[in-house]
Amino acid sequence: MTPVAEPQTLHRYDATRADEIETRWQRHWLASGAFRAPNPGDADFDPAKPKYYILDMFPYPSGAGLHVGHPEGYTATDIITRYKVACGFNVLHPMGWDAFGLPAEQYAVQTGVHPAITTQSAIDNFRRQLQRLGFRYDWSREFATIDPDYYRWTQWIWLRAYHSYYDTTSMRAMPIAELGARIEHDDALITLVDGSQVRWSASTPLQQQSHLDGFRLAYLGEQTVNWCPVLGTVLANEEIIDGRSERGGHPVFRLPLRQWMFRITAYAQRLLDDLTLVQWPDSTRAMQSQWIGRSEGAELRFEVEGFGDLTVFTTRPDTLFGATYMVVAPEHPIVEWVCSQGGAHRNATEEYVAWSRNRSDVDRQAESREKTGIALGVTAINPATREAIPVWIADYVLMAYGTGAIMAVPAHDERDFEFATRFDLPIRQVVAAKDGCAWTGERATSDEGIACHSSSTSISIDGMETAAATQKMIAWITTTGIGCARVNFRLRDWLFSRQRYWGEPFPIVFDQQGMHYPVAETALPVRLPALVDYTPIESDHPMPPLGKATQWVTTTAGEAGVDSSLLDADTPVRREINTMPGWAGSCWYYLRYCDPKNAARFADPTLQKYWMGERGVDLYIGGAEHAVLHLLYARFWHKLLFDLGEVFTPEPFAKLFHQGMITSFAFERADGSLLATDAVREESGKWFEIATGEPATRVIAKMSKSLKNVVTPDEVIAEYGADTLRLYEMSMGPLADSKPWNTRDIAGVFRFLQRVWRLAIDERTGEVLTARIVDPGVERQLHRTIHKVAQDIERLAFNTAIASLIELVNSATRPTEMKDPSQGGLTQDQMRRFLGVLAPFAPHMAEELWMQIGETGSVTTAPWPAFDASQLVADTIELPVQISGKIRARVLVPTGADASAIESIVLADMKVQELLAGRAPKKVIVVPQRMVNLLV
RNA sequence: AGGCCUGUGGCGGAAUUGGCAGACGCAGCGGACUUAAAAUCCGCAGAGUUCACCCUCAUCCGGGUUCAAGUCCCGGCGGGCCUACCA
């Protein structure tokens, strides 16, 4: 509770005063352009300064506004920004809005207000809340992804990908026109959808286009997609959790659909390799690397009579002799072939395929992974044993990974073992344990070992260790033409179409034959039409809402902006009605900040080169929930633009840091059920459920409406002010940790700010108070504080930096009984330096006192205060003396004393002599500056 | 099931490279000021024993390495996050 000011403390720092000070300086800073970061070429740009680009993850402005979790990362970047400016850097610290996407659309559908309106008010609210925290953003660079001037370039980048393919020899993106020209020149054979081959010159334009689509980095491909009928859209694999949509938790079904895709898999190796170039948390790099999922192994072909080759991917080609059956995914082409052949198994097969297709991932999960499957009724030849082995279908084999077919080695793979046991298929041991333990046959052994029972007339790997056996097997399958070594990635191509209204339109149209044509770059942006009815069409088949904009959809090539050399201007065309996913705008926003108003380019290369420098964004702070999705997508776009000569660093974000989550308290009954914070009462440090009187325990939980433990910045600012909120969030603990919000603790930092105020201002009169003479102890501590705060900011340890500021203020605080205030506190010069180090944390308080004590200019442009290294250490230090490892005494030694000097001081010490009682230590360990250990 | 992270007072946390465990803050206790209270200022404060000296025990539990372990190693237990039939 903020006390009401009494007459004798009219000038106390309280919530009212904080509000007055903060809003006044915020207005001043904004009006004077104090936070503008000049670009190279601007009149006030100083080229002598080094650059520093610090970025917060693009916020998605939700209708609910900020909660106290948001300002945690933003306060951290703000502190660093202000510190770096004080250290003489040109700092780029921008803010903007990731404003397209599903939540805005859903919110709009719920409220019946157009997403453009709800999004704009959410943005305005977010901006107001951020500005009320006094963050040093260069607001002149602000933009939103929904601005046509921005999404024009999102579309432009997509077109660049559309016009490119990945050249596997030079390992980079190249213009697709060059590939087309080469194919045309060679009149190469192209493979059609039905598998037949035809010369380029003899193929239709549609066939040619479809062939090139097989290379484009942004391409139209038929994919089994994750269809969510409730949301009315398809979702990326990453947007699905446990078979349900990440947003809303609705069931998701698989469905084949022609959709725009990104060939991110072409970049799998580079995305993996370049993780070594960035300074990112190990956990995040590990997650990306697991997501990319590189595995080395071999591709092997098994012959199926009448069908041809059934190709599998395996990481254990050394177990080929143990492959006693094969399994294909229900979507595998061989299944359709078998059905087309008729036969006894046809009906059962079709039934199984239909059943497994309709089964959502949720069901698969619910059935606790009990393996299901059915024999396909055909056999394949194991190329090593020449045995005919049965082919089965099972949905534990995924069409999207490898080739959609596996060779099953039940003896050495747990999944295959489970399946073989269930369906009574043969199990053959081909790897013996290294330790000689006998094979029991009771479970699969997937460890490496010694090959056995792996011999035929043409090859034997018996007695070889797994690694060597694998190598020999790969050599054999390569020379015999059965297969080859292969690297497989778990990463799949990125589904980029959404059946939504609130997203970037694709700059693409289709003619009546179904050929697609790009909109010319000069005709961008393709504006999102204003739609009155944007509600999703809930159906079993995807129906994008943009289809309702019939005037917009049905147009001519000329009207849509297709180059007339591609298509006659009056050719009737239909626009693409899918839109880009929410991720699109956040893939390159950090580039736009370098030059946000540029109408001719996405960013001027000179400006981009300056701010991005050699390694990209210097520090990127945001939540770990984006460890895979956003960060992988943005890296992919960046590498694509790098190949195309549009950006100049291999990676976008040099250093990454994740702030932890701010949690809250909730209460738990004895049975483990949760109670809202207003359902309990506290009594002498214990909690009881109000309704029943039963004891409850305090637990840490996520902030949620239902637990009534959500805290918003607005309410904290109203009670204490923004400086207190900032200080509290930073003092809670390490930035990276998840920490519980404890309203009671805020008073601690508020009282600290009141002591700072009282140090400089007489609470009764409002007069400025300064010490007349320098207290040498305080002076030394001030130097130490300046040094420590700088060090702590550099390592993002704001909590300990604040602790040292508090210690300094506590030392300088005047006792109540001090009659003459000039006898204590800080001198004006000391106060000036202290405000310099306080400013990054509590900028409003620092700015106000800066003015009050009569300093000129603004603390926001003042250089970081200097410290004297000789002041950091005292003349003498107290060292603990251990005797046989236990601390028994302490001695004072000169700070610079070396080991032998310390030893003689210690041995001469009365207390030590008494403790030794005449014994001579067997060994003396002296660690200067630390401690002494005497072993007796 | 696997991978990564984590466990320190009543609570949030500090201890940056193995070197005085518990900085700083909250809550608590005592004192000064006050008619009184609040606020402020000054102190106390890991646990234990007969005190404030001393001593003993203390960083989830059990081992180990070391002159020295919250920190390093091995095993176990608890909490969190991610992945989840990836062949």
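Chain identifiers are assigned alphabetically (A, B, ...) following the order of the sequence lines, protein sequences preceding nucleic acid strands; residue numbering begins at 1 within each chain. Because the structure is predicted, anything quoted here is derived from the model rather than measured.
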Legend entry - Reading 5' to 3' through nucleotides 16-24 of chain B, protein heavy-atom contacts under 4.0 Å coded B for base, S for sugar-phosphate only, - for none: B--BBS-BS
Legend entry - Pairing residues for A/Arg755 by the salt bridge (charged side-chain N to carboxylate O under 4.0 Å, His left out) criterion, not counting sequence neighbours: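 Partners of A/Arg755 by the salt bridge (charged side-chain N to carboxylate O under 4.0 Å, His left out) criterion come out as none, since no residue qualifies.
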Legend entry - Atom CD of A/Glu414 with >12 non-hydrogen neighbours under 6.0 angstrom: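 Check fails, neighbour count at 12 or below.
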Legend entry - Nucleic acid contacts - residues 310-320 of chain A versus RNA chain B, non-hydrogen atoms under 4.0 Å: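 Of all residues in residues 310-320 of chain A, the ones placing a heavy atom under 4.0 Å from RNA chain B are A/Phe313, A/Thr314, A/Thr315.
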Inset, instruction - Check every strand shown and say whether A/Ser283 touches a base, only sugar-phosphate, or nothing at a heavy-atom separation below 4.0 Å. - result: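 Answer is sugar-phosphate: A/Ser283 comes under 4.0 Å of backbone atoms only.
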Legend entry - Nucleotide of B/C41, B/C85, B/C82 approaching A/Arg758 most closely (side-chain heavy atoms):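 Within the option list, the nearest is B/C41.
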Inset, instruction - Based on the glycosidic angle (syn within 90° of 0, else anti), state the conformation of B/C26. - result: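 In terms of base orientation relative to the sugar, B/C26 is anti.
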Inset, instruction - Could you check if the base of B/G9 is syn or anti? Syn means the glycosidic torsion is within 90 degrees of 0. - result: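 Syn conformation for B/G9.
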Inset, instruction - Rounded to whole angstrom, note down the C1' distance from B/U49 over to B/U40. - result: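 Nearest-Å result for B/U49 against B/U40 at atom C1': 38 Å.
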Inset, instruction - For B/A69 versus B/G80, give the span between their C1' atoms, rounded off to a whole number of Å. - result: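 Approximately 25 Å lies between the C1' atom of B/A69 and that of B/G80.
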Legend entry - Positive for side chain to side chain contact (heavy atoms under 4.5 Å, CB included) with A/Ser664, one of A/Asn742, A/Asn709, A/Val68: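 So the option named by the test is A/Asn709.
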Inset, instruction - Determine which nucleotide pairs with B/G30, using a 3.5 Å limit on both distances of a Watson-Crick or G-U wobble pair. - result: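 Answer to the pairing question: B/C42, which forms a Watson-Crick or G-U pair with B/G30.
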Inset, instruction - Using both distances under 3.5 Å as the test, list the Watson-Crick or G-U wobble partner of B/C85, or none. - result: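 Partner of B/C85: none.
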According to a strict under-4.0 Å criterion, is [X] in side-chain N/O contact with OP1 or OP2 of [N]?
{"X": "A/Arg744", "N": "B/G28", "value": "no"}
{"X": "A/Arg888", "N": "B/C55", "value": "yes"}
{"X": "A/Ser295", "N": "B/A87", "value": "yes"}

Gap between atoms [atom1] and [atom2], on [X] and [N] respectively (whole Å):
{"X": "A/Gln659", "N": "B/C81", "atom1": "CD", "atom2": "P", "value": "16 Å"}
{"X": "A/Trp757", "N": "B/A39", "atom1": "CH2", "atom2": "C1'", "value": "18 Å"}
{"X": "A/Arg764", "N": "B/C33", "atom1": "CZ", "atom2": "C1'", "value": "14 Å"}
{"X": "A/Asp737", "N": "B/U8", "atom1": "CG", "atom2": "C1'", "value": "13 Å"}

Inset, instruction - Using distance alone, with no hydrogens and no angle criterion, decide if A/Tyr396 and A/Thr372 have a side-chain donor and acceptor under 3.5 Å apart. - result: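 No, no side-chain donor-acceptor pair sits under 3.5 Å.
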Inset, instruction - Please work out which of the three classes, parallel, tilted or perpendicular, describes the rings of A/His630 and A/His626, given edges at 30° and 60°. - result: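 Rings of A/His626 and A/His630: perpendicular, as their planes differ by over 60°.
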Legend entry - Ring center gap for A/Phe657 and A/Trp280 short of 6.0 angstrom: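 No.
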Legend entry - 5' precedence on RNA chain B between A/Gly733 and A/Arg490 (nearest-nucleotide basis):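 Going by which nucleotide is closer to the 5' end, it is A/Gly733.
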Legend entry - Test ring pair (Phe, Tyr, Trp, His ring centres under 6.0 Å) applied to A/Tyr728 and A/Tyr720, A/Phe798, A/Trp741, the passing residue: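 The option that passes is A/Trp741.
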Legend entry - Option among A/His11, A/Arg12, A/Gln754 that satisfies the side-chain hydrogen bond (donor to acceptor under 3.5 Å, both in side chains) test with A/Glu763: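 Only one option passes, and that is A/Arg12.
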